Amino acid sequence: MVKTSDSQKDRHNFQVPATMSVFLAIVFLSLNMGKSGGAIKPVVTFTPNWGNILRGDSVTLTCDVPSTVPEEPRTYHWYKDKRPIPGVQQRLHIIGSSVGRDSGDYQCRTIGGDISDPVFLNVTYNHVILQRPPSAIYEGDPLTLRCHHRRFYNSTNTKFYKDDQEIKPSESDSTFHIPNITRSQSGRYKCTKQIHRYDRRYGIERSDESFISVKELFSPPEIEVTPSRIIEGNEMTVRCDTRRDPLRGGTELHFAFYRDGRTVRGYDVSDTYRVPSSQLEDSGKYTCEVRTASGTVRKMSDGLYIQIYELFSPPEIKVTPSRVIGGDEMTVRCATRLGSLRGGTELHFAFYRDGRTVRGYDVSDTYRVPSSQLEDSGNYTCEVRKRSGSVRKRSEGLYIQIHELFSPPKIKVPPARVIEGDEMTVRCDTRRDPLRGGTELLFAFYRDGRTVRGYDVSDTYRVPSSQLEDSGNYTCEVRTRSQTVRKMSDGIYIQIYGEDVNLKEWFCSKDTLALFTLFISLFPDSHMLRA
C-alpha cells in the first residue's frame, strides 16, 4: 500500500536538470508578470470529483477558465508539483489507470494567463478509502462522501462514522450525502465495508479517517449605526457588517433588517438600511440577518438598541391672560424646548383654531390677537416643524373661551304709552363682567338708523317733551372708550300718541262705558241725557 501524507507531499525534493531549471525560471517569471498585470486565474477540477483515489482508478483533470474570458483557441500548460508535465497542452489531462507516482499537486495555465491554485490528488493502495471532494468545504455546500473499495471486489454492509459514532448504515449505497453542511458537522469521518475477497472469505475493512473542516462562508454579522448619536430629523444609516471568506468573495449575500423583531427592510443585496429623516418612533432594538441567495446559510446579528434623541419637545399651548375678556389683547404661545445639542436649530410655528389655520408658519412662537372678540373662542392647537419640514410636532388642543366684557345691550322704555308732550326715557341696558365692573362704557342712540344722541357715558336718552315725530325704530350701541368692543342692540318701535287719540281711547275704554251705564241706570230722567 502506498500512501502520501500532507507532510510528505510538502517535502518532495525533485532533481531538476539544468535546462529544465532555465525553462522553469522563464515560466514562473512569466507567471509572476501575469499576476502583477491582473491576469485571469483558471481552476483545476477533477472528474469524478474526488481528491483521493485507489490505484488503478481513472480521473480526468480539467483546466477551467472563467466564462468571462472570450472563447478562443488556447494552449494549456499543466504542472505537477510545480514541474511541467511534458506533452500535455490540452484543456483535459486524463489519468487512465492511476499509480502511486500520480499523487501530487496539479496546476494549469494558459498562454498569457495566471497559474491556477494547486489541487492535491492522492493515489493510495488500500482496500477501502473514504473519498471526499478535493476543494475546501464551506457551510451551505452540499457534501457527498463515498466509501470506495478496490475493483474486482464485492462489498456489503457499508457504514459511515463521524467521531467514532455511526451515522449511516447502508446495505447497498456507498455514498453519504449532506445537502447543506454546517460548521457543527465538522469532524473525523471514516467508513467500513464487508469485503468479499477472492478466497471467498468475508472481512471488515476500514478506511483511514479524514478530518473534514467546514469553513465559514461569511462571519456572523454585526450591526453598525452612523452617526453614533442620532437626533430626530437626521439621516440614520444602519449597516449589517460581515466578511466573506476570500476564496468565496463572489458569493452573493442578501441582507434584511429588523426593529424590535419586526421587519423594517426585507432581503436585498445592499448591506445598508437608511432612514432619510429619523423620527422618535425609529428608536428600538435593531438586528440584521444575512443569508445566501439560495437561503442555505443564514446568520443573525446580536441586537443593538438605537435611541433617536428629541430635536425639540412636544409643544404646549399657553395663553395670556389666563382669563381673556373681549377687547383684551390675547397672546397664545407654542412652548417647546430645543435639545441641548441643537440649540441653534431654526424652528417654525403655526397656529390653528378648530382645525383651521389662524397663522401660518413663522419663526415666532407667539400668536397675538390685539383685541379679542367672542368669535376668537375655540380649540387652539399649534404645530412646530424644522425649517426643512423633516420633523413636525403638534400640540394637544386647548379650548380658549373669550368672556364678554359686557352683555349685548337691550332697549328699555317705560311700560305706559308715551303721549305727545310727555317726557320719554329710553335706556340702553347692559351688564359688565364682574371682574371688569369699572370699565368705562359709552352709549349712543339711533332712531330709524339715524343718530339721536352721540356717544356718552350715560346709558339713558331723554326727550323732555316728546312729539309725534319722535316715533320710530330705536336702537342703541355700547362701546369701550378705546372702541375695541362694540355691540348694537336689537330695534324696538316706540309710538308717540297724540292727545285727541288719548281722549277718544278714554271714552272707548271698558271702564268708561261701564261707569256711563251705571249712571243712566241711576238717573234715568236726568236732563243731561235729554241734552
Side-chain angles (χ1 to χ4, degrees), residues 3-10 43-54 59 103 105-106 116-124 126 128-149 158-170 173-193 204-222 240-255 288-302:
K3 181 180 176 182
T4 306
S5 66
D6 289 346
S7 58
Q8 288 173 328
K9 70 183 181 69
D10 288 339
V43 176
V44 173
T45 59
F46 295 166
T47 305
N49 190 31
W50 306 119
N52 56 330
I53 59 177
L54 291 171
V59 62
S103 295
D105 284 320
Y106 286 84
S116 71
D117 291 327
V119 181
F120 185 69
L121 176 67
N122 185 31
V123 180
T124 62
N126 284 352
V128 173
I129 61 173
L130 180 69
Q131 290 184 308
R132 52 169 289 177
S135 56
I137 300 167
Y138 287 85
E139 54 186 344
D141 287 350
L143 173 65
T144 299
L145 302 178
R146 181 189 182 200
C147 197
H148 181 45
H149 62 275
T158 301
K159 293 182 180 181
F160 289 86
Y161 299 85
K162 175 181 178 290
D163 300 329
D164 294 324
Q165 298 294 318
E166 184 178 341
I167 53 175
K168 184 188 176 184
S170 175
D173 189 5
S174 294
T175 60
F176 172 63
H177 182 66
I178 302 174
N180 302 306
I181 197 165
T182 63
R183 297 193 70 195
S184 63
Q185 291 174 300
S186 297
R188 295 175 291 107
Y189 287 80
K190 65 183 178 182
C191 68
T192 62
K193 283 193 174 196
I204 300 297
E205 295 288 343
R206 297 178 180 272
S207 71
D208 290 332
E209 282 191 340
S210 176
F211 184 78
I212 295 177
S213 176
V214 181
K215 293 189 174 183
E216 196 172 53
L217 182 61
F218 54 89
S219 64
E222 296 179 8
C240 192
D241 183 48
T242 187
R243 294 172 302 282
R244 296 171 176 84
D245 185 280
L247 297 180
R248 293 288 184 95
T251 301
E252 182 177 312
L253 299 180
H254 290 186
F255 302 81
C288 68
E289 188 176 37
V290 189
R291 74 175 189 188
T292 55
S294 62
T296 54
V297 183
R298 296 171 177 260
K299 296 184 182 181
M300 181 75 76
S301 73
D302 291 333

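Scope of the values below: all heavy atoms of this structure, side chains included, with no hydrogens, waters or symmetry mates. All values reported here derive from a predicted model rather than from experimental measurement.
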Main-chain N/O of T251 paired with R244 side-chain donor or acceptor, under 3.5 Å: yes
Using every non-hydrogen atom in the two residues, find where R183 and K215 come nearest and quote the distance to one decimal. NE-C, 4.3 Å
Test of understanding: with salt bridge (Lys or Arg N to Asp or Glu O under 4.0 Å), list the residues that count as partners of K162, not counting sequence neighbours. none
Verify, without hydrogens or angle tests, whether R132 (side chain) and F211 (backbone) share a donor-acceptor contact under 3.5 angstrom. yes
Would you mind reporting whether T158 and T192 have side-chain heavy atoms less than 4.5 Å apart? no
Closest non-hydrogen atom pair, V44 against V119: O-CG2, 3.6 Å
Taking the side chain as C-beta and beyond, is there a heavy-atom pair between W50 and V59 under 4.5 Å? no
Could you tell me whether the side chain of F255 reaches within less than 4.5 Å of the side chain of T242, counting heavy atoms only? yes
Taking the side chain as everything from C-beta on, heavy atoms only, tell me whether I212 gets closer than 4.5 Å to L145. yes
With rounding to the nearest 0.5 Å, note down the distance linking CD1 in I53 to CG in N122. 8.5 Å
Using a 4.5 Å cut-off on heavy atoms from C-beta on, say whether the side chain of R188 contacts that of D164. yes
Using atom types as modelled and distance alone, determine if a side-chain donor or acceptor of S186 lies under 3.5 Å from a backbone N or O of V214. yes
Between the side chain of D163 and the main-chain N/O of Q165, is any donor-acceptor distance below 3.5 Å? no
Apply side-chain contact (heavy atoms from CB on, under 4.5 Å) to L54 and T124, showing your working. CA-CA 5 Å; L54 291 171; T124 62; 3.8 Å; yes
Point-to-point distance, once rounded to the nearest 0.5 Å, from CD1 of I137 to CG of L217: 13.5 Å
Between the main-chain N or O of C288 and the side-chain N or O of S301, is there a donor-acceptor pair closer than 3.5 Å? yes
F46 versus P134, closest heavy-atom pair with distance: CD1-CG, 3.7 Å
Kindly indicate whether the side chain of V128, heavy atoms from C-beta on, has any atom under 4.5 Å from the side chain of C147. yes
Do you know the tightest heavy-atom contact between P220 and E216? CD-OE2, 3.3 Å
Any non-hydrogen side-chain atom of K190 less than 4.5 Å from a side-chain atom of S207? yes
From OH (Y189) to CD1 (I178), nearest 0.5 Å: 4.5 Å
What's the spacing between T296 OG1 and D141 CG if we round to 0.5 Å? 8.0 Å
Quick check against the 3.5 Å criterion: does N52 have a side-chain atom that pairs as donor or acceptor with the backbone of L130? yes
Heavy-atom closest pair, residues M300 and P221: C-CG, 3.9 Å
Quick one, Y138 with V297, criterion side-chain contact (heavy atoms from CB on, under 4.5 Å). Give me CA distance, side-chain angles, the key distance, then yes/no. CA-CA 10 Å; Y138 287 85; V297 183; over 6 Å; no
Please examine the side chains of E139 and T182, heavy atoms only from C-beta on, and report whether any two atoms are closer than 4.5 Å. no
At what distance, to the nearest 0.5 angstrom, does NZ of K159 lie from CD1 of I167? 13.0 Å
Calculate, to the nearest 0.5 Å, the distance between atoms NZ and CZ belonging to K193 and F160 respectively. 7.5 Å
